[in-house]
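What follows is a set of notes on a single structure, which appears directly below.
Values below: every heavy atom of this structure, side chains too, minus hydrogens, waters and symmetry copies.
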Amino acid sequence: MTDELGSPLRNAVVSEIPAAACYMPNFITEEEERQIVRCVNSAPQPKWTQLSHRRLQNWGGIPHPKGMIAEGIPDWLQRYIDKVAALNAFEEGALPNHVLINEYLPGQGIMAHSDGPLFHPVVTTITCGSHTLLDFYRRLEATEQQQPKLEFSLLLERRSLLVLWRDLYHNYMHSIAERDADNITECSIKNLHMCAEKFPEGGTIKRGTRLSLTIRHVPKTSKLKLKIF
């Protein structure tokens, strides 16, 4: 896919890690970030789903193995779907149609996971409000007994875009540790040289409230109401 990437993404490839990821700092402006935060926080309360360690919103429908019942996406969010789609990160015919918005308070995170077969194997994420450190672990075979070990991390700055596909989508899991601050270690954070801000080795960055907009394509959709158990 790297050969078919448009120029903005081709120039954003993180070459220090297994294929493939792109990192673009300042993908959105400060004003766009403020608008996103404002619109997310003003969504009606029923739009939020409360989990044990974070809360989230689904836009475009609820992904399900039987198919996602497609729902309309508001204009304020569609503009960022279009902005991501314009980068040609997705194959033709697989335009993004779903946005998952996660809210992470300081100290909150998510366990190691992969995005799985419900989605086209490309994941794009816009970060708002605060940075985070995304940790990657190689997926183990079912017969392997040892615990997966941390392979590397990516620092996601406010207003940045991350694109993952290929080996990173299929053979790696990613997680966010539950902590209030992140330590800067150049040997494990593989995109530090690509960040808009310069972070000194050994420094610490405190987390604030982060909103992540994960923009993906759900291949199996329906406009009819499905009976889901």
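Remark: Ala70 pairs with no residue by the side-chain contact (heavy atoms from CB on, under 4.5 Å) rule, at least two apart or across chains. Residues satisfying the salt bridge (charged side-chain N to carboxylate O under 4.0 Å, His left out) criterion with Lys47, sequence neighbours excluded, are absent altogether. Residues that satisfy the side-chain contact (heavy atoms from CB on, under 4.5 Å) test with Lys220, not counting sequence neighbours, are absent from this structure. By the side-chain contact (heavy atoms from CB on, under 4.5 Å) test, Asn58 is found to be paired with Leu56, Ile62, Pro63, His98, Leu100, residues two or more places apart in sequence or in another chain being considered. Partners of His193 under the ring pair (Phe, Tyr, Trp, His ring centres under 6.0 Å) rule, at least two apart in sequence or in another chain, do not exist in this structure. Taking the side-chain contact (heavy atoms from CB on, under 4.5 Å) definition, one finds that Ile73 meets it with Leu77, Gln78, Ile81, sequence neighbours left out. In this view, Asn171 and Asp167 satisfy the side-chain hydrogen bond (donor to acceptor under 3.5 Å, both in side chains) rule, not counting sequence neighbours. Residues meeting the salt bridge (charged side-chain N to carboxylate O under 4.0 Å, His left out) test with Arg159, sequence neighbours left out: Glu33. The side-chain hydrogen bond (donor to acceptor under 3.5 Å, both in side chains) search around Tyr172 returns Arg138, not counting sequence neighbours.
Residues Leu118 and Val218 share a closest heavy-atom pair of O-CG1, 3.8 Å. The heavy-atom pair separating Phe152 from Leu168 by the smallest distance is CZ-CD2, 3.7 Å. The heavy-atom pair separating Ala43 from Trp59 by the smallest distance is CB-CZ2, 4.4 Å. Contact detail for Cys22 and Val13: the closest heavy-atom pair is SG-CG2, 3.8 Å. Here the closest heavy-atom approach between residue Ala112 and residue Tyr137 is recorded as CB-CD1, 4.3 Å. Residue Phe136 comes nearest to Leu150 through the heavy atom pair O-CD1, 3.6 Å, listed as atom of the first residue, atom of the second, then distance.
Taking a cutoff of 4.0 Å between a charged side-chain nitrogen and a carboxylate oxygen, Arg158 and Glu30 do not qualify as a salt bridge.
Both the sub-6.0 Å distance and the 45° axial angle are satisfied by Lys83 relative to the ring of Phe27.
To the nearest 0.5 Å, atom CE of residue Met194 and atom NZ of residue Lys190 are 13.5 Å apart. Atom-to-atom distance recorded for Thr204:OG1 and Ile184:CD1 is 7.5 Å, nearest 0.5 angstrom.
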#### Entry: Test log, rule salt bridge (Lys or Arg N to Asp or Glu O under 4.0 Å), inputs Arg34 and Glu32
CA-CA 5 Å; Arg34 284 192 290 268; Glu32 288 175 323; over 6 Å; no
### Query
Would Leu134 and Leu162 count as a side chain to side chain contact (heavy atoms under 4.5 Å, CB included) if you check the C-alpha gap in whole Å, the side-chain angles of each, and the deciding distance to 0.1 Å?
CA-CA 10 Å; Leu134 194 62; Leu162 177 69; 3.6 Å; yes
### Task
Given side chain to side chain contact (heavy atoms under 4.5 Å, CB included), test Val163 with Leu9 step by step and report yes or no.
CA-CA 9 Å; Val163 183; Leu9 281 181; 4.0 Å; yes
### Task
Please report the C-alpha distance between Glu16 and Val14 in whole Å, then the side-chain angles of each, then the deciding distance to 0.1 Å, and finally whether the side chain to side chain contact (heavy atoms under 4.5 Å, CB included) criterion is met.
CA-CA 6 Å; Glu16 290 78 6; Val14 184; 3.9 Å; yes
### Task
Step by step, work out the side chain to side chain contact (heavy atoms under 4.5 Å, CB included) result for Asn97 and Met68.
CA-CA 10 Å; Asn97 58 359; Met68 181 179 77; 4.2 Å; yes
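A heavy-atom distance below 4.5 Å is found between the side chains of Val123 and Tyr169. Using a 4.5 Å cut-off on side-chain heavy atoms (C-beta onward), His170 and Pro121 make contact. Contact check for Cys195 versus Leu155: side-chain heavy atoms found under the 4.5 Å cut-off. Contact annotation: the side chain of Cys39 approaches that of Trp76 to within less than 4.5 Å [non-hydrogen atoms, C-beta and beyond]. Between Ile176 and Gln108 the shortest side-chain heavy-atom distance does not fall below 4.5 Å. Two residues are said to be in side-chain contact when any heavy atoms from C-beta on lie closer than 4.5 Å; Leu154 and Leu133 fail this criterion. Side chains of Ile110 and Asn102 form no contact here, defined as non-hydrogen atoms less than 4.5 Å apart. Side-chain atoms of Val84 and Leu161, non-hydrogen and from C-beta on, do get closer than 4.5 Å to each other.
Leu164 and Ile189 are assigned to two separate hydrophobic clusters, defined by single-linkage of ILVMFWY side chains at heavy-atom distances under 4.5 Å. No continuous path of ILVMFWY side-chain contacts below 4.5 Å connects Leu87 to Leu95, so the two sit in separate hydrophobic clusters.
Residues near Leu105 contribute nothing to a hydrophobic cluster around it, because no ILVMFWY side-chain heavy atom sits closer than 4.5 Å to its side chain.
Applying the salt bridge (charged side-chain N to carboxylate O under 4.0 Å, His left out) test to pairs two or more places apart or on separate chains, those with a residue in residues 192-213 are Asp182-Arg207. Sorted by first and then second residue, the salt bridge (charged side-chain N to carboxylate O under 4.0 Å, His left out) pairs involving residues 103-131 (not counting sequence neighbours) are Arg55-Glu103, Asp115-Arg216.
With His113 contributing its side chain and Ser175 its backbone, the two residues share no donor-acceptor pair below 3.5 Å. Not one N or O on the side chain of Ser160 forms a donor-acceptor pair closer than 3.5 Å with the backbone of Leu156. His64 contributes a side-chain N or O that, together with a main-chain N or O of Lys66, makes up a donor-acceptor pair within less than 3.5 Å. Put simply, the side chain of Ser130 gets close to the backbone of Gly208: a donor and an acceptor are under 3.5 Å apart. At least one donor-acceptor pair under 3.5 Å links the side chain of Gln57 to the backbone N or O of Val40.
For the residue pair Gln35 / Tyr80, a side-chain donor-acceptor distance below 3.5 Å is found, with atom types taken as modelled.
Within a 6.0 Å sphere centred on NE2 of His53, heavy atoms belonging to other residues, nucleotides or ligands number 12 at most.
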